[in-house]
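Comments concern the structure below.
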Amino acid sequence: MSNVLFSTRDARESTEKLSAALAVVRKFWKGTAEVGLILGTGCGDVADAIDAEAVIPYDRVPQMPRSTALAHKGQFVCGTLQGTSVIAMQGRCHLYEGYGFDDVTLGVRIMHAVGARRLVLSNAAGGMNPAHATGDIVLVTGHVNLMWQTRTGVLRGTPAGPGRSGESVYDPELIDLAASVARRENFTAHRGVYVAVSGPNYETRAEYRFFRRLGDVVGMSTVPEALVAAECGLRVIALSLVTNVARPDAPERVDAEDVVVAARRAEPNLRKIVLSVVSSE
């Protein structure tokens, strides 16, 4: 019984955090979003295409965690993109930055609260499928959650809403749309499984061999946001930019700057998918 009471208290605290954050966002922007965008490593330039009506740094929003990762500006960009009202997170926060599950997903709840019904997630990820190449895009069809965290407000191990399996989180119609864009524009977009780890360290050779049995790309984000978005009833698409392909028997040194550079090179193709998803019904 004490665990149930503790979970109820945490749920109330989460609601209070959202209310405080939302009140400040509404001081800057009164609009109603149709689509939310979370722009990960190397993908933040997509926000430059938004006709911005408000730009809100995370540090102006109470309870909103601060983004410290390389190339993450840490701000909401609110406005229109190709005539569609959007709210974008230009940079995200990660568990490895010292935040909890509820902290890194607060932005998703804000997006939902201002009207968003579709969510586009992007990330830079390590490739594990030898058939993939640096610069390819992976359309996430499912995930394996090795972060070992869930949101508070519910008992751990208890389903908190739809999409607990991962396979039902990602919208098949949006995935089909993204694949059609890649075919039309003549760039490579695979369908695949995202393996989520908490980080911040990159994987060892042994871990890469293990993860390769589980999925196609590996990263340190996206899954918490996708789970909360599904719980809120949002249609979700997640796009991974392959920034390097792991070869456990011939490893190469990769650092954060290499990842950012590779992601930015592939960003124009990702932008084409984002624009099509934003414009879809």
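Computation of the quantities below employed the complete heavy-atom set of this structure, encompassing side-chain atoms and omitting hydrogens, waters and symmetry-equivalent molecules. The model shown is predicted, which means the values in this text are computed figures rather than measured ones.
- Of the possible donor and acceptor atoms, none in the side chain of D176 sits under 3.5 Å from a partner among the backbone N and O of E173.
- Counting only distance, with no hydrogens or angles, the side chain of T243 and the backbone of A125 share a donor-acceptor pair below 3.5 Å.
- Side-chain contact check for T222 and N123: at least one donor-acceptor pair (N or O, by modelled atom type) lies under 3.5 Å.
- Between the side chain of R26 and the backbone N or O of W29, at least one donor-acceptor pair lies under 3.5 Å.
- Residues satisfying the side-chain contact (heavy atoms from CB on, under 4.5 Å) test with R213, not counting sequence neighbours, are none.
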Verdict with supporting geometry, V181 and R183, side-chain contact (heavy atoms from CB on, under 4.5 Å): CA-CA 5 Å; V181 171; R183 288 193 297 270; over 6 Å; no

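- Residue L37 holds its CG atom at 10.5 Å from CD of Q90, rounded to the nearest 0.5 Å.
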Take I38 and V120 through the side-chain contact (heavy atoms from CB on, under 4.5 Å) test and state the conclusion after the steps. CA-CA 6 Å; I38 298 183; V120 182; over 6 Å; no

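- V228 is listed as a side-chain neighbour of R109, based on a closest heavy-atom distance under 4.5 Å.
- Residue pairs meeting the ring pair (Phe, Tyr, Trp, His ring centres under 6.0 Å) criterion with at least one partner in residues 46-67, sequence neighbours excluded, are Y58-F76.
- I175 meets the side-chain contact (heavy atoms from CB on, under 4.5 Å) test with L139, T141, Y170, R191; sequence neighbours excluded.
- For R212, the salt bridge (Lys or Arg N to Asp or Glu O under 4.0 Å) test picks out no residue, with sequence neighbours left out.
- For the atom pair CG of L39 and CD1 of I50, the computed distance is 7.0 Å after rounding to the nearest 0.5 Å.
- Distance CG/L22 to NZ/K27: 11.5 Å, rounded to 0.5 Å.
- Judged by distance alone, the side chain of S85 and the main-chain N or O of T32 form a donor-acceptor pair under 3.5 Å.
- In this structure, E207 contributes its side chain and T204 its backbone to a donor-acceptor pair below 3.5 Å.
- The minimum heavy-atom distance between V55 and P57, with the atom names listed, is O-CD, 3.6 Å.
- No side-chain heavy atom of T105 sits under 4.5 Å from any side-chain heavy atom of Y99.
- In this view, T84 and E34, V35, V86, V278 satisfy the side-chain contact (heavy atoms from CB on, under 4.5 Å) rule, not counting sequence neighbours.
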So I137 and V242, side-chain contact (heavy atoms from CB on, under 4.5 Å) or not? Walk me through it. CA-CA 6 Å; I137 294 174; V242 178; over 6 Å; no

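- Checked by atom type and distance alone, the side chain of R117 pairs as donor or acceptor with a backbone atom of G115 at under 3.5 Å.
- With sequence neighbours excluded, no residue forms a ring-ring contact (aromatic ring centres under 6.0 Å, His included) with H112.
- Rounding to the nearest 0.5 Å gives a distance of 11.0 Å between SG of C78 and CE of M89.
- In this structure S122 satisfies the side chain to side chain donor-acceptor pair (under 3.5 Å) test with no other residue, sequence neighbours excluded.
- Between P224 and V104 the shortest heavy-atom distance is CB-CG2, 4.1 Å.
- Within the structure, every pair that satisfies the salt bridge (charged side-chain N to carboxylate O under 4.0 Å, His left out) test and touches residues 215-230, not counting sequence neighbours, is listed here: R92-E225.
- Between the side chains of S280 and R118, at least one donor N or O lies within less than 3.5 Å of an accepting N or O.
- With a 4.5 Å cut-off on side-chain heavy atoms, N269 and I273 do not count as touching.
- The shortest non-hydrogen separation linking V77 to A47 is CG2-CB, 4.3 Å.
- Within the structure, the salt bridge (charged side-chain N to carboxylate O under 4.0 Å, His left out) test picks out no pair touching residues 46-67 (sequence neighbours left out).
- Atom-to-atom distance recorded for C232:SG and M111:CE is 11.5 Å, nearest 0.5 angstrom.
- Scanning for side chain to side chain donor-acceptor pair (under 3.5 Å) contacts around S279 gives Q82, with sequence neighbours left out.
- With contacts defined as side-chain heavy-atom distances shorter than 4.5 Å, the pair L239/V140 does not qualify.
- For the pair R271 and A49, the tightest heavy-atom approach, listed with the atom from each and the gap, is NH1-CB, 3.9 Å.
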As a quick check of understanding, evaluate side-chain contact (heavy atoms from CB on, under 4.5 Å) for E267 and V46, giving each step before the final call. CA-CA 8 Å; E267 184 271 339; V46 173; 3.2 Å; yes

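- A distance of 9.5 Å separates CG of L275 from CG of L270, quoted to the nearest 0.5 Å.
- Side-chain contact between L227 and H143 is present, with heavy atoms from C-beta onward closer than 4.5 Å.
- Side-chain atoms of Y194 come within 3.5 Å of backbone atoms of S221 as a donor-acceptor pair (strictly under, hydrogens ignored).
- Residues H94 and P200 fail the side-chain proximity criterion, which asks for heavy atoms closer than 4.5 Å.
- Applying the side-chain contact (heavy atoms from CB on, under 4.5 Å) rule to V25 yields the partners I56, V61, I110; only residues at least two apart in sequence or on another chain are considered.
- A side-chain contact (heavy atoms from CB on, under 4.5 Å) with V144 is found for exactly one of V218, V223, V193, namely V193.
- A donor-acceptor pair under 3.5 Å is absent between the side-chain atoms of K272 and the main chain of P268, judged by distance alone.
- For residues 134-148, no pair satisfies salt bridge (charged side-chain N to carboxylate O under 4.0 Å, His left out), with sequence neighbours left out.
- At least one side-chain heavy atom of V195 sits less than 4.5 Å from a side-chain heavy atom of M128.
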